[in-house]
Structure formats: C-alpha cells, structure tokens
Amino acid sequence: MSEKVLVLGGSYFVGRKIVEYLHKMKYDVSVLNRGTRTIPNPGVKQIICDRSDLDSMKAALKDQRFDYVIDVSWQDLSWVRNTCEALSFQTVRKFVFISSSAVYDVDSLKIPFQEDNTLGENKYWTFYGKGKIDAENYYSNFLSATSTDLIILRPPYIFGEYNYAQRESLIFRQLMEDKPVAIPKSNPKLQFLYTEDLADIIFCLLNSSLSNIFIANVGNQLNVTSREWIETCAQVVGKIPEIIEVDYAKIGKNVRDFYPFFDYDNVLDLSRIHSIWNKETDFTEGLKHAYEWFRTNRSEMVFKKNVDQNLYEIIAAMSV
C-alpha cells in the first residue's frame, strides 16, 4: 500500500510542484484547499475546506489518516492551531512546514544566515517573517509532545514553473520586449531555490532518519548579485540586457516600485541540508524551465499596471 501524504495547499506554485513530484514518486497524495482551483493531477484526491474554520477542518479530516503532512499554505497562526486541533497525528510520522528565510533579523546578522541564528522580525518582511516565526514555534511546541517528527524548511526566493508572482517573469517580459531592467545601485546578493529541488528535498527528508525537530535552510549553493541574476535570465532568453542601477532613495522611489525583491543580501548557509541532499539543479537550467513555462503561459500573467510607468519615471529622473 502506498504511503499517504496530505499537502495543505497543493494547487498553486510550490504546492503544485510538490504534489506533482510526490505523486510521480508513487505516494498516495491528498490536497486540502478551499477548492477555488482544481487539481490537475489524475489520482490526487482533493479535500475541500477552509483552514480558517476549525469546524470545517474537523469535518473534512474526520477519520482521515496520513503518514506525512506538508504545510505549504500557511497564512496566519489560526491556520496552524486549527491544523493541530483537527488533524489526527496518531499515524503521522513526519510533518513538514515550509517556512522562510524571512525569519532572520538580517540587520543584526551577517551572511550567510544560519539555522541557529537568533530569529526576529526584520524590517523588510515585518509581519510575514514574524508570522512564520510564530508558526515555527507553535508547531515545535505542539509536536514535541507527539511521536511525529517536525521538519522546518527555510527557503530564500523560490522560482520555477507555475510561478505567477512577478519575479523572474517580470524580467523575462522586460527582456523579450527589449525594455531596460532596473536594479538597486547596491546590487544586493540573492539566493534562489528551484521548485523541483524543493520537492526533491522533501522527498529525501521523508525517507531520512532525522531528529524529532529538524530545521534546515534550503536553496541553491550558488548565490548571485542582482546584476548576475539579470544576466543569467538574459542568457536564457537570448538577449543582451540593458541594466540600469538606481539610487532610488535619491529620486524618491521605493525599491519595490521597480524591482521584485527587497534591497538586502539574502544568503543562507546550506551546509546542513547539503550534508543530506546534493541533487541540486543547475541554476541556468532551472531558469530555462521557468522561461519555457512563462512563454507558454504568458497570456495568463497579469502584470502590475504601474511597472512600466515607474520605470519611465525612474529613467526620466536619472537623466535630469
């Protein structure tokens, strides 16, 4: 009999890739979500309920038993509490929570950030990072009293197929339309993780002997500057990029007016995960897959209306 996996939120981006991968690896996969998106994988079961509604969760999970549970769709602490109250952990051997590198108080730390660094709300991610910390702590405290092992994964920026966020897709669009790409003058360092690699890491950890609580940064070992990231995207698209370095504070702009990331070095120490897993996809190859998906699905992407206007204003301000 196949081992049973429940994915909390498995119809969008990261969750969808995890579901696809584990289904391919012959797990009996169920997805719990609100039912606003259909599950495209034949053979994957869908459990429809609202995670913010405890009674709905209890009704949906009554008599359901799983070997593994993966929480991809965290939104706030109530969702975590409801999961712990509604789910039977009697058969759950491992519980995986997808956290974030946003848990690190980057202004008080030096790169690369390590799993044992003190966590704290940082000024870039604010309530999002704080919420992830709260969720980590709640799951840790709750599951320490059970026989279920807890796996907490902290990725940096995730990219790949099904990514409707305007990150690499924004750069691909600018390059395809021969438009300039703006980056912060500080040229911050970035670290990425390809979605298929995240799914493979989870598969690896489900089949590994771990401590009761295992926490790991996950990502590509390669970190790149913003300029290097744009240049690699351009290589994939087959274009020569026009890159503009912007001193945005000087011209009264916010970095997110023109750039898809915050202006700080986001680099993680990956020695812990790479002592267990080392099947990393080449960064350029991962971007090729992301680009092919974008080309096929470009018509479904809805870009922010102010992107081009902001870029026009930035170029005009810099030319004064």
Side-chain angles (χ1 to χ4, degrees), residues 7-9 13-15 17-18 69-77 79-80 94-141 143-144 149-160 163 165 167 188-206 208 210-224 261-262 264-281 286:
V7 179
L8 302 171
F13 189 28
V14 175
K17 177 61 73 170
I18 292 169
V69 180
I70 303 166
D71 185 357
V72 185
S73 67
W74 163 92
Q75 182 164 310
D76 60 43
L77 195 58
W79 288 30
V80 174
K94 290 185 173 72
F95 188 103
V96 181
F97 176 58
I98 308 300
S99 185
S100 170
S101 63
V103 299
Y104 296 115
D105 181 7
V106 298
D107 281 347
S108 64
L109 302 172
K110 295 181 179 180
I111 60 171
F113 309 131
Q114 300 177 334
E115 293 90 348
D116 296 330
N117 286 150
T118 301
L119 307 186
E121 181 176 344
N122 71 58
K123 67 182 182 183
Y124 302 100
W125 294 99
T126 60
F127 64 89
Y128 175 81
K130 178 62 166 55
K132 287 287 191 179
I133 294 171
D134 292 342
E136 285 192 16
N137 289 337
Y138 195 96
Y139 278 136
S140 297
N141 292 331
L143 292 174
S144 63
D149 292 335
L150 173 63
I151 297 169
I152 295 173
L153 302 180
R154 296 173 181 161
Y157 303 120
I158 302 176
F159 75 99
N163 187 6
R167 291 181 172 177
K189 293 181 180 178
L190 309 170
Q191 199 165 33
F192 293 93
L193 176 62
Y194 179 46
T195 44
E196 180 114 355
D197 285 351
L198 176 57
D200 191 60
I201 288 169
I202 291 171
F203 170 72
C204 172
L205 295 178
L206 294 184
S208 299
L210 303 169
S211 58
N212 181 248
I213 299 178
F214 177 81
I215 302 173
N217 295 329
V218 289
N220 293 109
Q221 292 201 69
L222 174 73
N223 63 78
V224 295
F261 304 115
F262 291 112
Y264 75 98
D265 293 337
N266 189 13
V267 180
L268 307 177
D269 183 302
L270 300 170
S271 53
R272 181 175 296 176
I273 192 62
H274 281 279
S275 68
I276 301 172
W277 175 87
N278 58 5
K279 293 171 59 180
E280 180 180 313
T281 301

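Counting from 1, the numbers follow the sequence of the chain as shown. What you see is a predicted model; the values in this text were computed from it and never measured.
Annotation: side chain of L205 is in contact with side chain of I276 (closest heavy-atom distance under 4.5 Å). Counting heavy atoms from C-beta outward, V7 and V72 have side chains that approach closer than 4.5 Å. Contact check for L222 versus V224: side-chain heavy atoms found under the 4.5 Å cut-off. Residues Y104 and R154 form a side-chain contact, since some pair of their non-hydrogen atoms from C-beta on lies under 4.5 Å apart. In this structure the side chain of R272 reaches within 4.5 angstrom of the side chain of F214, judged on heavy atoms.
Atom CG of L150 sits about 10.5 Å away from atom CG of L210, to the nearest 0.5 Å. For the atom pair CG (D116) and CD1 (I215), the distance works out to 8.0 Å, reported to the nearest 0.5 Å. For the atom pair L119 CG and D134 CG, the distance stands at 10.5 Å (nearest 0.5 Å). S101 OG to L153 CG: the interatomic distance, rounded to the nearest 0.5 Å, is 12.5 Å. Between atom CG of residue D200 and atom OG1 of residue T195 there is a gap of 11.5 Å, rounded to the nearest 0.5 Å. How far CG of L270 is from CD of Q114: 10.5 Å, rounded to the nearest 0.5 Å.
In plain terms, the two heavy atoms of D269 and P112 that are nearest each other are N-CB, 3.4 Å. Contact between G120 and I133 at its shortest, heavy atoms only, is N-CD1, 3.6 Å. Residues P155 and I98 come closest through the heavy atom pair CG-CG2, 4.3 Å. Taking all atoms of both residues into account, the shortest heavy-atom contact from G286 to T281 is N-CG2, 3.9 Å. Of all heavy-atom pairs between D265 and K189, the closest is OD1-N, 2.8 Å. When every heavy atom of Q221 is checked against every heavy atom of H274, the shortest pair comes out as CG-NE2, 3.3 Å.
Here F203 and W277 keep their ring centres 6.0 angstrom or further from each other.
Using a 30° and 60° split on the angle between ring planes, W125 and Y157 fall in the tilted class, from 30° to 60°. Between F262 and Y124, the ring planes are tilted. Angles from 30° to 60° get that label. The aromatic rings of F95 and Y139 lie tilted to each other, with the angle between the two planes from 30° to 60°. Ring orientation note: the planes of F97 and W74 are nearly perpendicular, at an angle over 60° on the 30°/60° scale.
Not a single side-chain hydrogen bond (donor to acceptor under 3.5 Å, both in side chains) links E121 to another residue, sequence neighbours left out.
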Exercise for the section: Please report the C-alpha distance between N220 and D197 in whole Å, then the side-chain angles of each, then the deciding distance to 0.1 Å, and finally whether the side-chain contact (heavy atoms from CB on, under 4.5 Å) criterion is met. Expected result: CA-CA 9 Å; N220 293 109; D197 285 351; 4.2 Å; yes
Problem - Residues S140, I152; criterion side-chain contact (heavy atoms from CB on, under 4.5 Å); working and verdict - result: CA-CA 9 Å; S140 297; I152 295 173; 3.8 Å; yes
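Side chain of E196 to backbone of K17: no donor-acceptor contact under 3.5 angstrom is found. A donor-acceptor pair under 3.5 Å is formed between the side chain of S73 and the backbone N or O of L8. Looking only at distances, no side-chain donor or acceptor of Q191 sits under 3.5 Å from a matching main-chain atom of P156. Looking at N212, its side chain never comes within 3.5 Å of a backbone N or O of S144 through a donor-acceptor pair.
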